[in-house]
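Notes to accompany the following structure.
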Amino acid sequence: MIDDGEEVVERGKANLLVFESLTKKYGAITAVDNLNLKIGRSEFFGLLGPNGAGKTTTIRMLSTLTTPSSGSIYIDGLKIDRNLTGIKARIGVVPQHMNLEGEMTAWQNLELHGRLYGLKKEARQQRIEELLEFTELSDRAHDLARKLSGGMKRKLMIARALMHRPEILLMDEPTVGLDAAVRRKMWDLMKGLNKNGLTVLLTTHYIEEAEILCGRVGLMNGGKLVELDTPDNLIAKTGRFVLEYFENGETRSRFFASRQDAIQSAAGMEGGVNIRPANLEDTFITLTNRKVGG
Amino acid sequence: MQFMTILWQEYVLFKAKFWSITTGTMIAPVLYLIAFGWGLGSGMQVGGSSYIDFVIPGIIALTTMTVSFSTIANDINISRTYTMTFEEFMIAPVSMLVLALGKITAGALRGLYSAFIIILLAMIFRAGLQVDGYLLLLTTLNCLVFSALGFTAGLLIQSHGDMAKFNSFIITPMSFLCGTFFPLDRMPSGIKEFIWLLPLTHTTLALRDRGSDILSAFIHPVVLLLYLLIFLVVGVMICNRAE
Ligand SMILES: Nc1ncnc2c1ncn2[C@@H]1O[C@H](COP(=O)(O)OP(=O)(O)OP(=O)(O)O)[C@@H](O)[C@H]1O
Ligand SMILES: [Mg+2]
């Protein structure tokens, strides 16, 4: 199954990002377990998995915040290292948690980033204005970052990651806590960036998000990459719709390729039935159970 | 460039909190001056001069130490474990050496600012304090040494509680024992020699003696420089492995 995914990469684009036997151990916990993965230039890649799967740890190793226990990561064939400033300048990071400087304004947060990445004064100011407009934060430019709403902070973190025009954008659950409308806007924003050639590595719990955005998806569990495929293939493997029903004192679920099939099957049932689109948890649980079962 | 950026950020934050920093920095030295200058000092003589003149160099040494140390140690510790803003520097194309130098210089500048405040206060309290290049050099070195120690401690120490412990067991004892409030030779031998090895002792002695003895005038800054070098190297090494 992992080979299927590889073909998509090989089909045209050069490998920009290569993870080679990447492993990270925290004491007895193996957060990332022998990860082998190649991501092509301008690809939109999604890393999915339940809590504790190792997604953030992978992103942190890629952004040099954490050093691997073994294995390596290459960008354009260069092995990443905390002191290799040239490589670090090619990456932009939107972390899972808020890490803006709360006591500085939105503008100053972007300025700090621009200065750290060596942007000259005029280029810096122009870029800040451009990005504040892009993220609809222009009117909040001189508010302290801690006074912005959660969604605004997220948008500011995305703007910050884009300040230095990175080649690779790492986003760790960038849409958690955003309202539906803002989330949709963020999706458009990310898609647009990717169309312009930006390589994106995104982690998410939402398979619809991956489905809309990602060309390819890697499914992680317990630090291991257990699936690698297009979102379509991944969802099709379980069924796109779930029928949840109550039987013998417990909630059960069945999967269907379409809503119609699910409705038909639910027709004869009594009591509370629920039909909803399948999500990652469904896909994930089913896929792993199937593997265990043989 | 990035070195200046780190200082720029500290300047922005300093400007935003100018008054609370300034008044906060003043409290301890003012209390020392009242207690040891007016309270105890008026009738007391140490080594032929009034006690307040004796104690001012000690107050400069210990205040610049605590300010430089705690500014940078808390900044690194909080930004690493609580606000997570340290990540912005770690992922940036900045080498760990430049990062360390920037942060250490920023902490030292805050220490120097506190020295400036004490010198002003000393004038108000009419203490005899001679401000010259040697005092500036030694104070700057003292600030750099303890800022570098703060950088290392901020990276190593994981929790706020442990930071408080470090303060209680290392910084506070030094601030009282390193010749700051009373001459070193009142200490029992054995302990005296140990205290002589500590960096703060050299700052205090140098600020008080003022090169009256050429050899020690030279030794004190050299010892401080050695400490600075060691703390810097250790700090960069730890920064390279920090998670
Ligand atoms: N600094 C750390 N010290 C010890 N263990 C850690 C550390 N960081 C992560 N872990 C462990 O590594 C494993 C993977 O964590 P990670 O944060 O990478 O998961 P994740 O896939 O991002 O999960 P989530 O969806 O909840 O964000 C977890 O078991 C976690 O407890
Ligand atoms: Mg995570």
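Below, chain A is the first sequence line, B the second, and so on; all start at residue 1.
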Chain A contact via Met1(B) - which portion, at a heavy-atom distance below 4.5 Å
side chain

Heavy-atom distances under 4.5 Å only: say whether Leu13(B) touches chain A with side chain, backbone, both or neither.
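Just the side chain, heavy atoms under 4.5 Å.
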
Can you tell me which portion of Leu100(A) sits under 4.5 Å from chain B's heavy atoms? Options are side chain, backbone, both or neither.
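Only the backbone of Leu100(A) comes within 4.5 Å of chain B.
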
Sequence neighbours excluded - salt bridge (Lys or Arg N to Asp or Glu O under 4.0 Å) pairs with any residue from residues 18-37 of chain B:
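Every pair satisfying salt bridge (Lys or Arg N to Asp or Glu O under 4.0 Å) with a residue in residues 18-37 of chain B: there are none.
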
Verdict with supporting geometry, Val94(B) and Leu116(A), side-chain contact (heavy atoms from CB on, under 4.5 Å)
CA-CA 7 Å; Val94(B) 179; Leu116(A) 281 174; 3.9 Å; yes

Taking only residues two or more places apart in sequence, or in another chain, which ones meet Val131(B) in a side-chain contact (heavy atoms from CB on, under 4.5 Å)?
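side-chain contact (heavy atoms from CB on, under 4.5 Å) list for Val131(B), sorted by chain: Ile119(B), Leu129(B), Leu135(B).
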
Glu130(A), CD atom: more than 12 neighbouring heavy atoms under 6.0 Å
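More than 12 within 6.0 Å, yes.
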
Who are the salt bridge (charged side-chain N to carboxylate O under 4.0 Å, His left out) partners of Lys55(A), not counting sequence neighbours?
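Salt bridge (charged side-chain N to carboxylate O under 4.0 Å, His left out) check on Lys55(A) returns nothing, list empty.
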
Top contributor to chain A interface from Val12(B), Leu99(B), Ile6(B), Val98(B) [non-hydrogen pairs under 4.5 Å]:
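When all of Val12(B), Leu99(B), Ile6(B), Val98(B) are compared, Val12(B) has the most.
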
So which of Ile91(A), Leu62(A), Val93(A) actually passes side-chain contact (heavy atoms from CB on, under 4.5 Å) with Ile91(B)?
Val93(A)

Here's a test: name every donor-acceptor pair under 3.5 Å between chain A and chain B, with the distance for each.
{"from": "Lys24(A)", "atom 1": "NZ", "to": "Glu243(B)", "atom 2": "OE1", "distance (Å)": "3.2"}
{"from": "Lys24(A)", "atom 1": "NZ", "to": "Glu243(B)", "atom 2": "OE2", "distance (Å)": "3.3"}
{"from": "Arg60(A)", "atom 1": "NH1", "to": "Glu87(B)", "atom 2": "OE2", "distance (Å)": "3.1"}
{"from": "Thr67(A)", "atom 1": "N", "to": "Glu243(B)", "atom 2": "OE2", "distance (Å)": "3.1"}
{"from": "Thr67(A)", "atom 1": "OG1", "to": "Glu243(B)", "atom 2": "OE2", "distance (Å)": "3.0"}
{"from": "Arg82(A)", "atom 1": "NH1", "to": "Cys239(B)", "atom 2": "O", "distance (Å)": "2.7"}
{"from": "Arg82(A)", "atom 1": "NH1", "to": "Asn240(B)", "atom 2": "O", "distance (Å)": "3.0"}
{"from": "Arg82(A)", "atom 1": "NH1", "to": "Ala242(B)", "atom 2": "O", "distance (Å)": "2.9"}
{"from": "Arg82(A)", "atom 1": "NH2", "to": "Ala242(B)", "atom 2": "O", "distance (Å)": "2.7"}
{"from": "Asn83(A)", "atom 1": "OD1", "to": "Met96(B)", "atom 2": "N", "distance (Å)": "2.9"}
{"from": "Asn83(A)", "atom 1": "ND2", "to": "Asn240(B)", "atom 2": "OD1", "distance (Å)": "2.6"}
{"from": "Lys88(A)", "atom 1": "NZ", "to": "Met90(B)", "atom 2": "O", "distance (Å)": "2.8"}
{"from": "Lys88(A)", "atom 1": "NZ", "to": "Ala92(B)", "atom 2": "O", "distance (Å)": "3.1"}
{"from": "His97(A)", "atom 1": "NE2", "to": "Glu87(B)", "atom 2": "OE1", "distance (Å)": "3.0"}
{"from": "His97(A)", "atom 1": "NE2", "to": "Glu87(B)", "atom 2": "OE2", "distance (Å)": "3.0"}
{"from": "Asn99(A)", "atom 1": "ND2", "to": "Glu87(B)", "atom 2": "OE1", "distance (Å)": "3.0"}
{"from": "His113(A)", "atom 1": "ND1", "to": "Glu88(B)", "atom 2": "OE2", "distance (Å)": "2.6"}
{"from": "Leu116(A)", "atom 1": "O", "to": "Gln2(B)", "atom 2": "NE2", "distance (Å)": "3.0"}

